[in-house]
Amino acid sequence: MELRTVLVVGTGLIGTSAALALRKRGVRVLLADRDQGAVRLARELGAGEEWDTRHKADLAVIAVPPAHVASELLELQRDGVARFYTDVASVKAEPINRATQLGCDLATYVASHPLAGREKSGPGAARDDLFLGRPWALCPTEEAHPDAKAAVLRLIELCGANPVEVNAEEHDRAVAVVSHAPHVTASAVAARLADATDVALGLAGQGVRDVTRIAGSDPGLWLGILSGNATPVAEVLEAVAHDLAEAATALRALAEGDGTATGELTQLLKRGVAGHDRIPGKHGGPASAYAVVQVVIGDRRGQLARLFQVCDEVGVNVEDVRLEHAPGLPLGIAELSVQPDAATSLTDALRERGWQVP
């Protein structure tokens with residue numbers, strides 16, 4: 001299935017990122033949004049051209065909140081703007097059910113969802129590589145025509161993502177566990193910081209930043225997502241709340257001198273380790289156990305480039321990198337994840353070249 005022209009309806013982060021990726025592959029992209037300012041910005045970023053309703057597309061990508069997917073689909077199909085249609089909302093069962101109720105043509109529609117995003121929103125945050133190597137779910141119904149599915153698969157391929165075919169209900173239960181409930185949990189932790197003392201905030205380290213990073217996303221956008229997947233998310237949050245309540249009870253018992261309460265806490269922490277270890281590693285494969293080499297690095301231009309140059313000189317591949325800034329000081333710690341058998345040689349090479357390796 002060849003896609004020569006694609007209409008993107010909704011020029012936010014996901015829609016504009018898809019448009020940029022398609023333009024990079026030579027696809028003509030038409031842009032539409034109720035917010036004309038967003039269309040202009042997306043166009044200025046090189047995401048495509050503003051849609052003239054006289055132009056038809058091979059595929060229409062509906063990048064609007066879950067609650068509006070079905071009505072947008074119905075309107076587009078009535079006008080016959082494209083041969084096939086998909087959406088990229090992070091909830092799938094509700095839009096499909098609503099589209100069925102409205103009488104949309106399910107033969108030309110295949111729901112989909114790219115598992116990618118950023119804390120920032122809007123076309124200004126879009127990137128043409130946002131979906132590169134990321135899973136992209138597609139949820140065809142029994143009525144979907146094979147050509148409609150082929151069109152969505154081609155979209156996924158052009159955006160550099162990995163297609164994962166899944167039932168809509170199973171998809172929603174899955175994202176409740178790996179995306180939606182974690183966002184609410186992160187928000188709950190971050191909410192505690194709103195009334196935290198200056199002393200507490202002054203002691204904040206990388207751990208709290210890691211846990212609360214996604215809590216900085218647009219609340220309005222997330223309210224729509226959570227509303228569309230309310231029951232699966234509620235079930236996950238109830239399970240998390242149960243674990244947290246048991247942990248709180250155990251801690252109260254410890255404070256009162258009951259040493260036996262450590263067992264429950266230990267079990268929760270161990271289950272957490274086991275769950276963490278199941279998160280796929282690089283390229284979607286099993287998680288790998290890397291050695292971490294910590295290097296003190298100045299907050300100056302070119303420091304990271306110099307550091308990676310050393311890695312290249314000694315033939316060590318950096319599997320992952322993380323930066324932790326030192327509050328109040330113009331330096332930080334770079335944590336380089338490398339294969340265990342390369343850690344010693346890299347450490348020695350860095351020290352020989354004057355780097356401070358704790």
Side-chain angles (χ1 to χ4, degrees), residues 1 3 6-10 12-15 17-18 21-22 57-77 82-117 130-131 133-181 183 221-222 224-233 235-236 280 284:
M1 170 62 64
L3 298 180
V6 172
L7 168 63
V8 174
V9 180
L13 168 64
I14 299 300
S17 293
L22 291 168
D58 298 310
L59 176 70
V61 179
I62 303 170
V64 302
H68 302 292
V69 167
S71 57
E72 194 71 51
L73 173 63
L74 181 64
E75 183 177 342
L76 293 171
Q77 287 184 332
R83 294 176 59 200
F84 305 110
Y85 304 83
T86 188
D87 75 279
V88 290
S90 64
V91 177
K92 296 276 69 91
E94 179 183 289
I96 292 174
N97 292 338
R98 182 60 179 155
T100 302
Q101 294 169 1
L102 291 177
C104 295
D105 178 14
L106 299 185
T108 60
Y109 166 61
V110 173
S112 73
H113 173 214
L115 277 295
L130 185 67
F131 312 110
R134 302 293 299 170
W136 189 314
L138 66 158
C139 307
T141 62
E142 293 181 356
E143 296 89 345
H145 192 281
D147 286 348
K149 178 179 172 181
V152 177
L153 285 171
R154 180 58 177 160
L155 167 70
I156 296 170
E157 179 186 1
L158 289 169
C159 290
N162 300 320
V164 180
E165 185 170 340
V166 62
N167 173 273
E169 286 74 18
E170 184 180 0
H171 166 276
D172 288 357
R173 289 193 298 270
V175 294
V177 174
V178 302
S179 176
H180 299 169
H183 188 95
L221 172 66
W222 271 94
I225 292 171
L226 295 170
S227 299
N229 201 24
T231 299
V233 175
E235 290 172 353
V236 177

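Note that these values count all heavy atoms, side chains included, but never hydrogens, waters or copies made by symmetry. Throughout, numbering of the chain's residues begins at 1 and tracks the sequence. No experiment lies behind these values; they were computed from the predicted model shown.
Taken to the nearest 0.5 Å, the CG atom of Leu153 stands 11.5 Å off from the CG atom of Asp147. Rounding to the nearest 0.5 Å gives a distance of 9.5 Å between CG of Leu226 and CG of Leu221. With rounding to the nearest 0.5 angstrom, the CG atom of Leu59 is 6.0 Å from the CG atom of Leu155. Here the straight-line distance linking atom CZ of Phe131 with atom OG of Ser17 works out to 5.0 Å at 0.5 Å rounding.
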Without placing hydrogens or testing angles, list every side-chain donor-acceptor pair under 3.5 Å for residues 67-75, not counting sequence neighbours.
| from | atom 1 | to | atom 2 | distance (Å) |
| --- | --- | --- | --- | --- |
| Ser71 | OG | His68 | O | 3.1 |
| Glu72 | OE1 | Arg34 | NH2 | 3.2 |

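Contact check for Pro114 versus Trp136: side-chain heavy atoms found under the 4.5 Å cut-off.
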**Request:** Show the numbers, then the answer: is there a side-chain contact (heavy atoms from CB on, under 4.5 Å) between Ile96 and Tyr109?
**Result:** CA-CA 9 Å; Ile96 292 174; Tyr109 166 61; 4.3 Å; yes
**Prompt:** What do the steps show when you test Ile225 against Val175 for side-chain contact (heavy atoms from CB on, under 4.5 Å), and what is the final call?
**Reply:** CA-CA 11 Å; Ile225 292 171; Val175 294; over 6 Å; no
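For the side-chain hydrogen bond (donor to acceptor under 3.5 Å, both in side chains) test, no residue two or more places apart in sequence or in another chain qualifies with Ser90. Looking at residues two or more places apart in sequence or on another chain, you find a salt bridge (Lys or Arg N to Asp or Glu O under 4.0 Å) between Glu165 and Lys149. Listed by chain and number, the residues in a ring pair (Phe, Tyr, Trp, His ring centres under 6.0 Å) with Trp222 are His180, His183 (sequence neighbours excluded).
Between Ala116 and Ile14, the shortest heavy-atom distance links the atoms O-CD1, 3.6 Å. Here the shortest heavy-atom pairing between Ala148 and Ala107 reads CB-O, 3.5 Å. Between Pro140 and Ala144, the shortest heavy-atom contact is CB-CB, 4.1 Å. Residues Leu3 and Ala151 share a closest heavy-atom pair of CD1-O, 3.6 Å. Val152 approaches Ser112 most closely through the heavy-atom pair CG1-CB, 4.1 Å. In terms of heavy-atom proximity, Thr100 sits nearest to Leu106 at OG1-CD1, 3.5 Å.
Distance alone, capped at 3.5 Å, is enough to place a donor-acceptor pair between the Arg134 side chain and the Leu115 backbone. With Thr86 contributing its side chain and Val110 its backbone, the two residues share a donor-acceptor pair below 3.5 Å. Judged purely by atom type and a 3.5 angstrom limit, Asn162 uses its side chain to pair as donor or acceptor with the backbone of Gly133. Not one N or O on the side chain of Asp172 forms a donor-acceptor pair closer than 3.5 Å with the backbone of Asn229.
The salt bridge (Lys or Arg N to Asp or Glu O under 4.0 Å) contacts involving residues 92-112 comprise Asp87-Lys92, where partners must be two or more places apart or lie in separate chains. Applying the ring-ring contact (aromatic ring centres under 6.0 Å, His included) test to every pair with at least one member in residues 151-174, sequence neighbours left out, gives these pairs: His113-His171.
Using a 4.0 Å cut-off between charged side-chain N and carboxylate O, Arg154 and Glu157 make a salt bridge.
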